[in-house]
Structure formats: C-alpha cells, structure tokens
Participant: 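Have a look at this one.
In this text the structure is predicted, and so the values were computed from the model without any measurement. Below, chains carry the letters A, B, ... as their sequence lines are ordered, and counting in each starts from 1. Keep in mind that the numbers below use all heavy atoms, side chains included, and drop hydrogens, waters and symmetry copies.
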Amino acid sequence: MTDLHPRLRFAPSPTGYFHVGGARTALYNWLYARAQGGSLLLRIDDTDEARNRPEWTDGIIEALSWLEIDFDEGPVFQSQRRERYDLCAQELVEAGRAYYCQCTREEIDQRVKERNGPPGYDGFCRELGLSQGAGRALRFKVDREEVTTVSDLVRGEVRFENSSIEDFVLVKGNGAPLYVLANFVDDVDFHITHVVRAEEHLPTTPKAVMLYLARGEQVPVFAHLPVLVNESRLKLSKRRDRVAVEDFRDQGFLPEAMCNYLALLGWSPGGNREFFTRLEMLESFSFDRVGHSPAFFDVVKMTHFNKHYISVMDPARFVERAIRVLEGTTWWEPTEENVRTLGAIAPLVQERISLMAEVVEMTEFLFRAPSLETLSAQPLTAQDRTSVEMTLGLLSDVEPWEPLEIENKLRELAAERETSLRKLQAPIRIALTGRRIGPPLFESIALLGKEETRARLLAVLDQPIPEG
RNA sequence: GGCCCCAUCGUCUAGAGGCCUAGGACAUCACCCUCUCAAGGUGGAGGCACGGGUUCGAAUCCCGUUGGGGCUGCCA
C-alpha cells in the first residue's frame, strides 16, 4: 500500500464491445497511476469461458490504444493463470477457511423457502467435511460474528456486517475459479495497491477483503467510481444502451473529446473550466474530487466536446482524418487534385461539423454533382430560375475567379433584383450542391471552378418546371 | 425483502457554515450579427427532495422521511 509507487490495474472482461463505462474506469486508473508515478497493468478477466471471446479482447485493446490509454504491463490473461487460483483454493481448504459444498441452486432455494428466511446460502455443507469432487463448489467460510470494513478513497470507510454475507463460492463445481478468487490472487501476485473500479463492485468488496485477511495479505485501497446511467437512470447496459466505444469512434468522435468528456463524468477539478488536455487532467486528478452519485452518459454533451476538438484540431491532421472518412464512400478518389481541393475547403468544414462523419455531406458536392433526383426533389420557383439564369450570365465575367469577386458580383445582382443576398444564394446553393446547408457559398463556387459551376447551373435549368 | 451507496437547474457539475439574491457548461427560448449552416454576442427561463435538529447563521454538519441506484449468480 505504499503510495510512493502505487500499482493499479484495469481488468476488463471480454464479453462484448468496449463499454464507455469501462473506458472511464480505465481512464481514471491511468490518470491516478500517471499522476502518482505509479504503474498500470492491463489484465483480461476471462475466467468465464462461456461468455468470453478472444475477438472482444482484441477490440478492447485496440480501443484502449485509440483512447491513448497505455499500460506498463500486460495484458495478463486470467485464463492462463489457472494453477495459481487452484493452489490458493487448495491452501484455503487446508487452512480451514474454505469448504466444498454440493448443494444445487434448487436445494438452496428450497431451503430458503422452507425456513422462510432471507435468501442466500445457509452454510448447509459447512461442517460436512466434504472432499473435492465433481460438481462440488468451493465456498469461503465467512466469520459470521465479524464486521468487514472497506477503505475507499471516494466513499471513506464502508462497514459490512459479515452476517449479511453468505459463504460465497470461490470455485465452481466444474473446478473453474470465480471472479472473487481469481481477482484476489492476481491482485496479490501483481502487488496491486489501488483497486479502481465501478461502484457496482462495492457490495462484493468485503468478500475480497476477507480473502486478504484470511491469507494475511496487505489489503489494497479501493476507489469505487459512480456508475454511469442512461436517460432512465439505470446502469448503462450493453444490451439496452448505446455504449460501444468502437461505435462512437466510427461515427467520428475524437479520442481526446471522449476522454475529456469521460474524465468530467464523475470527476471535477473544481472551477468553471471544462476543456482539459491530458496533461492538465493529470495534474489535477484526485479521488477525493470524484463524485458519489450516478452520472448520466450524455451523448449530446459529448458531441459538444467533439465539435470543439474538431474545430481546434491541427488542419493537417483534420485533412488526414477527413480522408479516412471519405475512403468509406463509393465516390472518393484520392487523387492529388482531390486532396488539394479537400485541403482548401477543410478549414471551413472543420469549424462547422460536430462529428467527423459529417465530412461526407459537407464535401460531397466538390467531388460529384448533385443527382437529378436530388435536384428534382427541390424544384426551383420561377423567381429562382431567373436568379439562376442571371447568375449564369454574370459569372462568365468574373475575373479573377476568387471568392471575393464572386461575392461582389452576386451582391450586385441581389441589389439589381431588389432581393437579399440571403434569398439569392439559396437556389444557387441547391443547384451547385444539392443541399440547403454547407460551407460558405462563394468559397464553394471558387473551388468548383468556372466550368463546373456553369455546367451545374445549366443542369438545374434543364429540370422540368413543376406544375403550378 | 436484505445489504450497500447516493440526493444542487432537464443533464454534468461548482459549492467543503457567513463570499450564495446558489456560479459555470450542455440542452432550451428570445434577440443581435450573418451568403446557408456553424461560430460569436446579449438576455431569459430553470435547482439546493422533504421534515426536524445543531448554530448568531446551513446547499454545506447531525438525525429521520421520501426518492433513486447498485448488489443480492457456481457473471464480472
């Protein structure tokens, strides 16, 4: 428990995509370890073979690296440490701290019903002296008279009456170790000093503490983080809620935005600032500033962080990322000219979008003309047609072909037609981009080039005039 | 049911007895700016769950109530 060199671990269970709650836990572990000059271990808690899959492990590791959460050691796989758990179990039996039990779930429930008492195991096999055998689970002998205290950096001392804790299972009937046992053995073997995890683990923590005490090991310090909840204030669940880090990444969330948002979900450095670099978070992080109540995972607010980080991103890096997004379309060709065009429009796009995926709809018009369907879905009024026709005539005189010149011409036209630039630009934008919103029009026209602009304006005039 | 945790605007939070007529951010509404959108500016609405204490003084401390959540698995 020496604070000079704390040792922490993040121990996800590979039962699905990487959960944002897991990401938050990993981040807090990382923040504390780095802030204290300690070390961080990655452990894969894959003791439940029925629910784990190797590809999930790969996904978790990949997502962690994407979030720039790095580890000093690991990954360590619990599935490969079976003999350590078996040995510990055996020693617990020899020391009289654990015993084999052959009760089935049905039998236990039946007895609960008969005695009409509290649910849970009643210690039926405690004094039977059963030996190891097929179908027999190993249970820890809880000292009913004692009180177990958990020292938590977030919540202080939490007391549990042992009488409220049943003789819990350490090893399954098929010989497979359970979380409490494997977790304890590993944390001891790897000299873990600080256990940082979500609050849902708090009720089982006294079981771990009992194991430490029974084996005469130094009990680590715990830090239980508030759970993340959905809009119904229920714990975020993989089944019900949108929680996969991979999904957010694919949609165009930036790792720095996610980390910044997640850091502030349950922790606050105080004051009114909300944007923090990793270094700044690290400098002010501490568990005594972690909140105690469940926090709503708000994608809308995270999107706000994302928009900010996109807008301040290094332009070259933005273009790089934008290209990766465009590579997912059918029409993007990575020619030198296209990359140059993208680079030119990039700053205007960068300050507008919230998600990287929006690059597609913001830039598509530069690489291909709007389809006939798109145009016919937004028919021009007679007035708009005249505007487009006049624009067409005007634009051939523009020299040089620069945004400012184009703007001046269109302003003149608006004045001439006694309309606002606002109204004038609308049909032109539709004709050129097929959309009502997009990057600033004059820059867009300039980038499109005189010929392409003319061609698209002519194309829209070719559209049939709607009835009425 | 039992055990544990928690409780400030819709949301995330600041607040560690007087600085609070409770601050910020997201979301929301109005207005301004404006070639669309975005950004920006100004302003508005919106909260200390309730009841008792303690104290000269409580969002802050204590107790209770209510409410919410977590766990209650031979999952993690």
Side-chain angles (χ1 to χ4, degrees), chain A residues 11-15 45-48 50-52 78 101 103-105 108 117-121 135-139 150 152 154-155 158-161 163-166 168-180 182-183 197-206 224 226-227 229 231 233-235 261 264-275 288-289 291-298 300-305 307 311 348-354 362 403 406-407 410-411 414 420-426 428-430 433 435-445:
Chain A
S13 180
T15 56
D45 281 9
D46 55 354
T47 49
D48 185 352
R51 305 191 343 155
N52 299 148
Q78 290 197 322
C101 164
C103 298
T104 62
R105 186 75 245 173
I108 293 168
Y121 183 65
R136 288 178 180 172
L138 184 68
R139 288 183 182 272
V150 173
D152 192 288
V154 176
R155 283 151 225 278
V158 185
R159 283 167 49 92
F160 295 86
E161 300 281 345
S163 55
S164 70
I165 301 170
E166 64 176 18
F168 51 94
V169 175
L170 297 166
V171 179
K172 294 201 224 181
N174 66 7
L178 246 19
Y179 173 75
V180 258
N183 179 68
R197 49 170 24 165
E199 195 200 317
E200 63 212 65
H201 290 280
L202 187 53
T204 65
T205 304
H224 286 97
V227 292
V229 298
E231 55 287 333
R233 304 219 63 90
L234 261 26
K235 187 175 79 159
Y261 174 67
L264 261 27
L265 244 202
W267 170 73
S268 165
N272 286 336
R273 275 187 66 195
E274 290 205 302
F275 293 116
D288 54 23
R289 294 202 59 91
H292 297 186
S293 34
F296 172 56
F297 179 70
D298 186 355
V300 174
K301 182 144 188 180
M302 184 165 77
T303 304
H304 170 257
F305 276 81
K307 183 168 178 52
S311 69
L348 300 173
V349 172
Q350 203 175 337
E351 60 188 31
R352 283 175 168 71
I353 61 175
S354 298
M362 289 294 263
I406 296 164
E407 176 174 357
L410 286 172
R411 281 190 189 281
S420 63
L421 196 55
R422 180 190 183 85
K423 281 182 182 154
L424 180 67
Q425 60 89 36
I428 300 170
R429 182 184 297 278
I430 298 267
T433 72
R435 297 170 49 81
R436 294 177 183 285
I437 61 173
L441 187 60
F442 313 128
E443 280 84 353
S444 300
I445 292 175

Participant: Return the nucleotide paired to C3(B): Watson-Crick means purine N1 to pyrimidine N3 with N6-O4 or O6-N4, wobble means G-U with N1-O2 and O6-N3, both under 3.5 Å.
Facilitator: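 Base partner found: G70(B).
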Participant: Starting from P on C71(B), measure out to NE2 on H224(A) and report it in whole angstrom.
Facilitator: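 One finds 12 Å between P of C71(B) and NE2 of H224(A), rounded.
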Participant: Among A76(B), C26(B), U36(B), which nucleotide has an atom closest to any side-chain atom of R429(A)?
Facilitator: U36(B)
Participant: What contact category does I428(A) fall into here, base, sugar-phosphate, or nothing, at under 4.0 angstrom with non-hydrogen atoms?
Facilitator: nothing
Participant: First locate atom OG of S13(A), then atom OH of Y179(A), and finally report the distance between them rounded to the nearest 0.5 Å.
Facilitator: 9.5 Å
Participant: In the strands shown, is C50(B) matched to any nucleotide by a Watson-Crick or G-U wobble pair with both distances under 3.5 Å, and which?
Facilitator: G64(B)
Participant: Answer with base, sugar-phosphate or nothing: what part of the nucleic acid does L441(A) contact at a heavy-atom distance below 4.0 Å?
Facilitator: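 Base contact.
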Participant: To the nearest 0.5 angstrom, please state how far the CD1 atom of I428(A) sits from the OG1 atom of T433(A).
Facilitator: 11.0 Å
Participant: When the C1' atoms of C20(B) and U65(B) are compared, how many Å lie between them, rounded to an integer?
Facilitator: 27 Å
Participant: Report the distance from atom CZ of R289(A) to atom OG of S268(A), rounding to the nearest 0.5 Å.
Facilitator: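 Taking CZ in R289(A) and OG in S268(A), the distance rounds to 5.0 Å.
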Participant: Does the base of C75(B) carry an N or O that pairs as donor and acceptor with the side chain of R51(A) under 3.5 Å?
Facilitator: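 It does, because a donor-acceptor pair links the side chain of R51(A) to the base of C75(B) below 3.5 Å.
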Participant: In whole angstrom, what separates F168(A)'s CZ from C3(B)'s P?
Facilitator: 19 Å
Participant: Among A76(B), C35(B), G70(B), which nucleotide has an atom closest to any side-chain atom of P440(A)?
Facilitator: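 Comparing A76(B), C35(B), G70(B) against the side chain of P440(A), the answer is C35(B).
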Participant: The side chain of P119(A) is closest to which nucleotide in this list: G1(B), C12(B), G69(B)?
Facilitator: G1(B)
Participant: Find the distance E407(A):CD to C35(B):C1' and express it as a whole number of Å.
Facilitator: 7 Å
Participant: Counting only heavy atoms not in R436(A), do more than 12 fall under 6.0 Å of its CZ?
Facilitator: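 No.
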Participant: Scan R289(A) against the nucleic acid and name what it touches under 4.0 Å (heavy atoms): base, sugar-phosphate only, or nothing.
Facilitator: sugar-phosphate
Participant: Going by purine N1 to pyrimidine N3 plus the second Watson-Crick contact, or the G-U wobble pair, all under 3.5 Å, which nucleotide sits opposite G17(B)?
Facilitator: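 No nucleotide pairs with G17(B).
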Participant: I'd like the P distance from U36(B) over to G10(B), given in whole Å.
Facilitator: 35 Å
Participant: Taking the six-membered ring for Trp, are F305(A) and F275(A) ring centroids under 6.0 Å apart?
Facilitator: yes
Participant: Rounding to a whole Å, what distance do you find between R422(A):CZ and C37(B):C1'?
Facilitator: 10 Å
Participant: For a quick check of understanding: with a heavy-atom distance under 4.0 Å over all strands, which category does F160(A) fall into, base, sugar-phosphate or nothing?
Facilitator: sugar-phosphate
Participant: Expressed in whole Å, how much space separates the C1' atoms belonging to A7(B) and C50(B)?
Facilitator: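 Rounded to whole Å, the distance is 12 Å.
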Participant: If we take the C1' atom in both C9(B) and U54(B), what is their distance in whole Å?
Facilitator: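 It comes out at 29 Å once rounded to the nearest Å.
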Participant: Quick check on RNA chain B: between G266(A) and N272(A), whose nearest nucleotide comes earlier from the 5' end?
Facilitator: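 It is G266(A) whose nearest nucleotide is closer to the 5' end.
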Participant: Using both distances under 3.5 Å as the test, list the Watson-Crick or G-U wobble partner of G43(B), or none.
Facilitator: C29(B)
Participant: Looking at the side chain of K235(A), which of C5(B), C35(B), C71(B) is the nearest nucleotide?
Facilitator: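 Of the candidates, C71(B) comes closest.
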Participant: Could you check which of A25(B), U36(B), G73(B) has an atom nearest any side-chain atom of E274(A)?
Facilitator: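 So the nucleotide nearest the side chain must be A25(B).
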Participant: With sugar-phosphate meaning primed atoms plus P, OP1 and OP2, does E443(A) contact a base, only sugar-phosphate, or nothing at under 4.0 Å between heavy atoms?
Facilitator: base
Participant: Rounded to the nearest 0.5 Å, how far does OG1 of T204(A) lie from CG of N183(A)?
Facilitator: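 Reported to 0.5 Å precision, the distance equals 8.0 Å.
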Participant: Within the 4.0 Å heavy-atom criterion, would you say F296(A) contacts the bases, only the backbone, or no part of the nucleic acid?
Facilitator: sugar-phosphate
Participant: I want to verify a distance call: between A76(B), G24(B), C5(B), whose nearest atom is closest to the S13(A) side chain?
Facilitator: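 For the S13(A) side chain, the nearest candidate turns out to be A76(B).
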Participant: As a test of reading the structure: which of C5(B), C74(B), C35(B) is closest to the side chain of L421(A), going by heavy atoms?
Facilitator: C35(B)
Participant: Could you tell me whether G173(A) contacts a base, only the sugar-phosphate backbone, or nothing, with contacts defined as non-hydrogen atoms closer than 4.0 Å?
Facilitator: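 Base, at least one base heavy atom under 4.0 Å.
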Participant: Does R273(A) reach a base, just sugar-phosphate, or nothing at all? Heavy atoms under 4.0 Å.
Facilitator: nothing
Participant: Hey, is the side chain of R436(A) poking within less than 4.0 Å of OP1 or OP2 on C37(B), counting only N and O atoms?
Facilitator: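 Looking at the OP1 and OP2 atoms of C37(B), neither is under 4.0 Å from any side-chain N or O of R436(A).
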Participant: Whole Å only: how far is the CG atom of D298(A) from the P atom of A27(B)?
Facilitator: 9 Å
Participant: Using atom NE2 of H304(A) as one end and atom C1' of G40(B) as the other, report the distance to the nearest whole Å.
Facilitator: 12 Å
Participant: Using a heavy-atom cut-off of 4.0 Å across all strands, would you classify P206(A) as base, sugar-phosphate, or nothing?
Facilitator: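 Counting heavy atoms under 4.0 Å across all strands, no contact is made by P206(A).
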Participant: Mind checking T303(A) for me? I need base, sugar-phosphate or nothing, with any heavy atom below 4.0 Å counting as a touch.
Facilitator: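 Result for T303(A) = nothing.
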Participant: Give the rounded distance in Å between these two atoms: CZ of R435(A) and C1' of A38(B).
Facilitator: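 The distance from CZ of R435(A) to C1' of A38(B) comes to 13 Å, rounded to the nearest Å.
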Participant: Considering only C12(B), G73(B), A76(B), which nucleotide approaches the side chain of D45(A) most closely?
Facilitator: A76(B)
Participant: Counting any heavy atom closer than 4.0 Å, what does A137(A) reach on the DNA or RNA strands: base, sugar-phosphate only, or nothing?
Facilitator: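 The residue A137(A) makes base contact.
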Participant: Using only atom types and a distance under 3.5 Å, with no angle test, would you say the side chain of Q425(A) pairs donor to acceptor with the backbone of R422(A)?
Facilitator: yes
Participant: Return yes if the base of U36(B) and the side-chain atoms of R352(A) contain a donor-acceptor N/O pair under 3.5 Å, otherwise no.
Facilitator: yes
Participant: Is R352(A) reaching over with its side chain to a backbone N or O of P439(A), donor-acceptor style, under 3.5 angstrom?
Facilitator: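 Side chain of R352(A) to backbone of P439(A), a donor-acceptor pair under 3.5 Å: no, none is there.
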Participant: Looking at the side chain of P203(A), which of U36(B), C4(B), G70(B) is the nearest nucleotide?
Facilitator: G70(B)
Participant: Below 4.0 angstrom from OP1 or OP2 of C75(B), is there any side-chain N or O of K172(A)?
Facilitator: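 Yes, because at least one side-chain N or O of K172(A) sits under 4.0 Å from OP1 or OP2 of C75(B).
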Participant: Confirm from the modelled atom types if K307(A) and A38(B) form a donor-acceptor pair under 3.5 Å, side chain to base only.
Facilitator: no
Participant: From the set U11(B), A38(B), A27(B), return the single nucleotide nearest to any side-chain atom of R233(A).
Facilitator: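 Selected nucleotide: U11(B).
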Participant: Rounding to an integer number of Å, can you tell me how far I108(A) CD1 sits from C74(B) P?
Facilitator: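 It works out to 7 Å between those atoms.
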Participant: Describe the nucleic acid contact of G291(A) in one word from base, sugar-phosphate, nothing, applying a heavy-atom distance below 4.0 Å.
Facilitator: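 Counting heavy atoms under 4.0 Å across all strands, no contact is made by G291(A).
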